[in-house]
Amino acid sequence: MTDPVVRLHEVHKSFGALKVLDGVSFDVHRGEVAALIGRSGSGKSTALRCIDRLERIDSGMITVCGHDVADPALKLRALRLDVGIVFQSYNLFPHLTVMQNIMLAPRSVKGLGRAEAVDLARGVLAKVGLADKADAYPEQLSGGQQQRAAIARSLAMQPKVMLFDEVTSALDPELTGEVLRVIEDLAAGGMTMIMVTHEMGFARHIASQVLFMHRGRVWEAGPPAIMSDPATPELRQFVGSELRR
Amino acid sequence: MMGGHLNAFHLAYLANGAMWTVVLSAMAFLGGGVAAFLVALCRISPLRIVRVASGAVVQLVQGTPLLVILFLAYFGLPAIGFSVPPLLAAGASLTIYVGAFLGEVWRGAILAVPAPQWEAAECLALSRTQRLFQVILPQAVRIATPPTVGFLVQIIKSTSLASAIGFVELARAGQIINNSLLEPFLIYVIIACVYFALCYPISRWSRRLERSTGFARSARVAVP
Ligand SMILES: Nc1ncnc2c1ncn2[C@@H]1O[C@H](COP(=O)(O)OP(=O)(O)OP(=O)(O)O)[C@@H](O)[C@H]1O
Ligand SMILES: [Mg+2]
């Protein structure tokens, strides 16, 4: 088997006295979709942020596409070229149109020419079904459209792995569907992904592995089937409470 | 020009003074704008020493009356061997003064851009400079525009202090004419009106900007 795209090994992370990651380990291989589930405060977002080095870890090891993320001398630019991340709050740049949002990094970071960047942007916009919104400003879009634009912006950098942090949590059910379809297409296209989600049905349907986090650890992990047949009372309780939501 | 009534010559003299008020204001705004930009950048520097040092300078300038800065530049510097003409002394003093105040306003505007914007740009592999210039500053400019334009009014009025070092701008021109005409009420009403005429359009503009910030307006114009 090839090396995993993302590997966490015994990762520890505290905020002050609060231990948020308490020895987290998991591997995500190429083309895999890992669903990170767990209660609020269990450390899911923190784990994701550590993978993109938005937070520094206290001890342990993280490798992402061959980069040693814990290395203080890590070239952050190289890491971020390989990792795309999308947050719950879209964070599109409000002063730029959708098209300009998408073209900014390919042009500034990768030095693409204008024509090339336009082609690239049109490509990713078509992928997320927003071809007709290229010239709109973020605030003119619905939440679902903004989130798809944010995904397109990330995809335009051609990352090797995509991280999603509750990207549908701020959306109405109808809008959630359109964003999940985009993620489903990405999965079908072979994109390696780690997604934090509360959409249990979607996780079960799309994930190749489910990682249940509890108290800063991966409490239970396995194929989506573990959600219907949990081995630990904690996961059973969590799945039960999610179904009741 | 001793005695007599207000005549065309006096008005021309006032107009000349008003012209210098505008020149001083422009110098203060341009010089101060550049200084303020540098101050704002230093105040948000990733280097602590730069932040602290620039913060100290700002505190020092903000705690000193403009009049004292003017005296220092015009009377103080020659005393230690640097002679400075009034225009330069006034221009430099105003630049320092405006730089300190406007710099803090602009720093506030930069900090008012939500932190996730920095992070989103960082996740796209943009360098710190690219993040600042392509993502943060364009948004900060929108936030800073109304208070900056409002501050312009403050600058125009502050230039009257340059009269204290003998620079003949509008206020000083009025004083000189009054010395010969001895019609203080009439003359200072005229002076006040000219200041008002200079400032009013700007405060109107500032208020209009305040109502129309945000990206909505420009966006609606940009997308048919
Ligand atoms: N920058 C920070 N400083 C201090 N504490 C933090 C910080 N970020 C997160 N925490 C704390 O760490 C814990 C884990 O947070 P995290 O955001 O990783 O949880 P989560 O599993 O993503 O929860 P949710 O489902 O609510 O998003 C929480 O108690 C949170 O308050
Ligand atoms: Mg979270």
Side-chain angles (χ1 to χ4, degrees), chain A residues 45 48-49 51-55 75-111 132-141 146 149-150 152-159 162-165, chain B residues 37 40-41 44-48 105-149 208-224:
Chain A
S45 297
L48 225 51
R49 292 172 60 82
I51 293 172
D52 205 15
R53 248 286 280 273
L54 293 167
E55 307 284 355
K75 296 265 179 290
L76 284 174
R77 184 175 174 278
L79 174 69
R80 267 91 191 235
L81 281 173
D82 286 341
V83 181
I85 184 164
V86 181
F87 300 99
Q88 181 179 334
S89 52
Y90 337 130
N91 304 336
L92 290 169
F93 306 134
H95 61 296
L96 301 177
T97 63
V98 168
M99 193 72 169
Q100 292 165 338
N101 261 278
I102 296 174
M103 285 166 51
L104 178 67
R107 296 205 64 190
S108 302
V109 178
K110 292 189 169 174
D132 55 331
K133 296 293 182 190
D135 296 319
Y137 282 84
E139 61 168 16
Q140 298 170 309
L141 304 179
Q146 289 192 50
R153 181 175 69 177
S154 211
L155 288 178
M157 292 301 277
Q158 294 159 330
M162 285 288 292
L163 311 177
F164 294 99
D165 192 357
Chain B
F37 187 64
L41 289 188
I44 59 153
S45 164
L47 299 174
R48 194 183 133 78
V105 171
W106 290 356
R107 163 178 173 263
I110 292 173
L111 294 181
V113 178
Q117 290 283 314
W118 282 99
E119 203 165 74
E122 185 179 351
C123 291
L124 290 168
L126 270 71
S127 70
R128 188 182 152 84
T129 315
Q130 289 171 331
R131 277 175 250 160
L132 183 63
F133 282 87
Q134 300 186 37
V135 175
I136 303 303
L137 286 182
Q139 299 182 55
V141 164
R142 306 252 177 152
I143 299 169
T145 301
T148 301
V149 172
R208 218 181 53 222
L209 286 171
E210 252 159 52
R211 264 179 275 125
S212 70
T213 35
F215 303 96
R217 217 152 278 247
S218 59
R220 247 171 258 135
V221 173
V223 180

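Chain letters run A, B, ... following the sequence lines, proteins first, then strands; residues in each count from 1.
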Contact part of A/Leu92 toward chain B, heavy-atom cut-off under 4.5 Å: side chain, backbone, both or neither?
-> backbone
Which atoms of A/Tyr90 come close to chain B, meaning under 4.5 Å heavy atom to heavy atom: side chain ones, backbone ones, both, or neither?
-> neither
List in chain and number order the residues that pass side-chain contact (heavy atoms from CB on, under 4.5 Å) with B/Leu132, two or more places apart in sequence or in another chain; answer none if no residue qualifies.
-> B/Leu41, B/Ile44, B/Trp118, B/Ile136, B/Leu137
A/Val83 versus chain B, the contacting section by heavy-atom distance below 4.5 Å = backbone
For chain A, which residues of residues 122-129 of chain B have heavy atoms nearer than 4.5 angstrom = B/Glu122, B/Cys123, B/Leu124, B/Ala125, B/Leu126
Non-hydrogen atoms of chain A under 4.5 Å away: do they reach the side chain of B/Gln134, the backbone, both or neither?
-> both
Excluding sequence neighbours, so at least two apart, what forms salt bridge (charged side-chain N to carboxylate O under 4.0 Å, His left out) with A/Asp82?
-> A/Lys160
Considering all heavy atoms of both residues, which atom of B/Glu119 and which atom of A/Leu54 are nearest to each other, and what is their separation?
-> CG-CD2, 3.8 Å
If you tally heavy-atom pairs under 4.5 Å against chain B, which of A/Asn91, A/Ile85, A/Leu76 wins?
-> A/Asn91
Enumerate by number any residue of residues 104-111 of chain A whose heavy atoms lie under 4.5 Å from heavy atoms of chain B; in the absence of such residues, state 'none'.
-> A/Leu104, A/Ala105, A/Ser108, A/Val109
Does any heavy atom of chain B fall under 4.5 Å from the side chain of A/Asp52, the backbone, both, or neither of them?
-> side chain
